[in-house]
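So you know, we letter chains A, B, ... as the sequences are listed, proteins then strands, and number each from 1.
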Amino acid sequence: MLIELSGVSKIYNQGKANEVRALSDIDLEVEQGSMVCLKGPSGSGKSTLLAIIGCIFPPTSGRAAIAGRQLARLPDRFLTLHRRETIGFIFQRFNILPELTVLDNITLPLLPLGVPPRERRQRAQQLLERFAISHRARFPAGQISGGELQRVAIARALINNQPIILADEPTAHLDTALSREFMEIMQQLKAAGKTIVIASHDPLVFEHSAIDRTVTIKDGRIHVP
Amino acid sequence: MAQKKLEKQLNILDYALSSLWRRRMKSLSLLLVFAAVIFLLASFQLVTQALSDKAKQVLAYTPEITLQKMSVGRQEAIPLAYRERLGGIFGIRRVVPRIWGYYFDEVRLANYTVMGMEVGEMPEGARLDTALASGAMPGPGPEEQGKVVIGQSIKKALALEGRTTFSLFRPDLSLKAFEVSGEFSRDTDILTNDLMVMNLAEARDLFALPAGMVTDLCVYVANPKEIDTIARKISEALPAVRVLTRPQIQKTYQVVFGWRSGFGSICLLAALAAFVILAWDKASGLSPEERREIAILKVLGWETSDILAVRFWESVLVSGLACILGMTAAYIHVVYFAASLFRPVLMGWSVLRPELYLVPRLEAGDILLILAFTVIPYLAATVIPAWRSATVPADSALGG
Ligand SMILES: Nc1ncnc2c1ncn2[C@@H]1O[C@H](COP(=O)(O)OP(=O)(O)O)[C@@H](O)[C@H]1O
Ligand SMILES: [Mg+2]
């Protein structure tokens, strides 16, 4: 199993007045090469679960093993090192830095890896060509269309050839056509062997044929109908 | 591994440069204010250094006791005959007449320091002959008429270009011809830069002093411990004469350099200014955009230390460039514009010398001092708040 969670809970601000229990007793297994959708209303804990799978923080209790590593045992720094080798993130609204060029946005994950500029450009160029946006490489990301932006965000999640792609409500701000395009690209990536977890309550996502499994979350628990 | 670390720092430096460029208006204003602070500090340091160098050199050639005649509070010529009245004072080794004055060349708009003396009569250390680059000091006698030794900036002002002769106006506007018989070396520029040495008769002729008159009498004593006693005896013998001892002159210089300690408070002010700049920079630093940028970078695999390194490089680039700019501007200001911005502050100095010829010298120690007061607090204080910003949680980049 590439992703293995058992009995995972997450409590924000534990022991303080603003303590929030975001996840309780989550068991989840995701096989390599599969595509899973996390479904649930706003505030149910989808982003928190993605953050744990994405090695942003370890669970408060329970066991989480991502690509063979137990998160609870890893200090913060190693969590980061593990994350950049393993996880490609696609955010809601894509979180592209608008003043940077498309090329610079895509290669951001490579800077702390010490990848020299030539190699960065080459790797980005391949992805830009694959997504038909090479002509936008030198454009500030703030000046390109929504569809191009989406492809830039996906390219950035692939730049270090990470095996797991996590997407947090990727279609929340897209029209139907772009949402469809997004899922088509995800389908291609799955075919290429990537493991994909998408948090979304958009039917265009969870009803898509490429989704192997939909997991419903309610109040921080997996809901079994 | 080491290769990768270097590549990583280069990448981070690259990112720091591009983010300075992205906020170029802010970066530029920061750079300018910082450079201005360093400019002021470095100018001040250069000027005080040049002045104290000069003062030291001048003092080295100052006789132990100098006699000047005063009338209604001003200096006037002193008769050579006063020498005889000092004969009875025990401990005086030698009394040498000297004409020391300032000549304003209206043709070339330059000030020269003119010294007329009989080199042979001066004691060993006060002859200035060791400062010669070429030629010889003018001797006494009439065959030395017009012979003069000049310093480098005078040579430049006169635009001699191979010639050895030039003329200056006497007070009655008649021309007096000179012939250069020697040049002072560049090594003693601090002292000899604007200096013109001729024999007594020639200086008297140039300034149209009456025969038998000089501007001061230099008294050399046998035992430096007796300077005060001898000075008192001279005062008693010659009541209308101002008696300046070397320790007194030294004290005057020290008073003038009292504002050297003022330099300390200026340093503190500058440091304060640096902090204000920084506070302004950092207070406006953690905008929502910046928080967002940091969170994104962290999710994308940047470590907290990488983000701190970006801030560090930004600060190093800004303050380093500000240092180079500020110090270069200060050097140009002091050397080519004669510290004209500080003229009002330096006017006090003109009591001692009417014109300033500064030969600045910026020592490694001074540079370090300036750095210590500006760049280091700036760096420290930029990286510390950056710590706070680098601890923005990564999950804030995720959707709520
Ligand atoms: N950083 C945080 N600090 C405190 N509480 C948080 C934080 N992030 C999320 N929460 C809380 O945890 C719960 C789950 O949030 P989240 O995982 O964002 O849900 P979803 O993505 O499904 O909308 C919510 O009640 C939310 O308010
Ligand atoms: Mg969410």
Pairs of heavy atoms under 4.5 Å with chain B: top-ranked of [options]:
{"options": "A:Asn160, A:Leu108, A:Leu97", "value": "A:Leu108"}
{"options": "A:Leu100, A:Asp104, A:Leu81", "value": "A:Leu100"}
{"options": "A:Pro117, A:Gly114, A:Gly88", "value": "A:Gly114"}

Q) Which heavy atom in A:Met183 sits nearest to a heavy atom in A:Leu204, and how many Å separate them? A) CG-O, 3.9 Å

With only heavy atoms counted, which part of [X] is less than 4.5 Å from chain B, the side chain, the backbone, both or neither?
{"X": "A:Phe78", "value": "neither"}
{"X": "A:Leu110", "value": "backbone"}
{"X": "A:Ile159", "value": "neither"}
{"X": "A:Ile96", "value": "backbone"}

**Q.** Interface moiety of B:Leu297 toward chain A, non-hydrogen atoms closer than 4.5 Å
**A.** side chain

Q | Parallel, tilted or perpendicular: ring planes of B:His333 versus B:Phe39, cut at 30 and 60 degrees | A | tilted

Q) Under 3.5 Å, is there a donor-acceptor pair linking the side chains of A:Thr60 and A:Gln14? A) no

**Q.** Partner of A:Pro109 under side-chain contact (heavy atoms from CB on, under 4.5 Å), chosen from A:Arg120, A:Arg156, A:Arg83
**A.** A:Arg156

**Q.** Backbone N/O of A:Glu99 and side chain of B:Arg22: donor-acceptor pair under 3.5 Å
**A.** no

Q: Would you confirm whether A:Gln150, through its side chain, and A:Leu178, through its main-chain N or O, come within 3.5 Å as a donor-acceptor pair?
A: yes

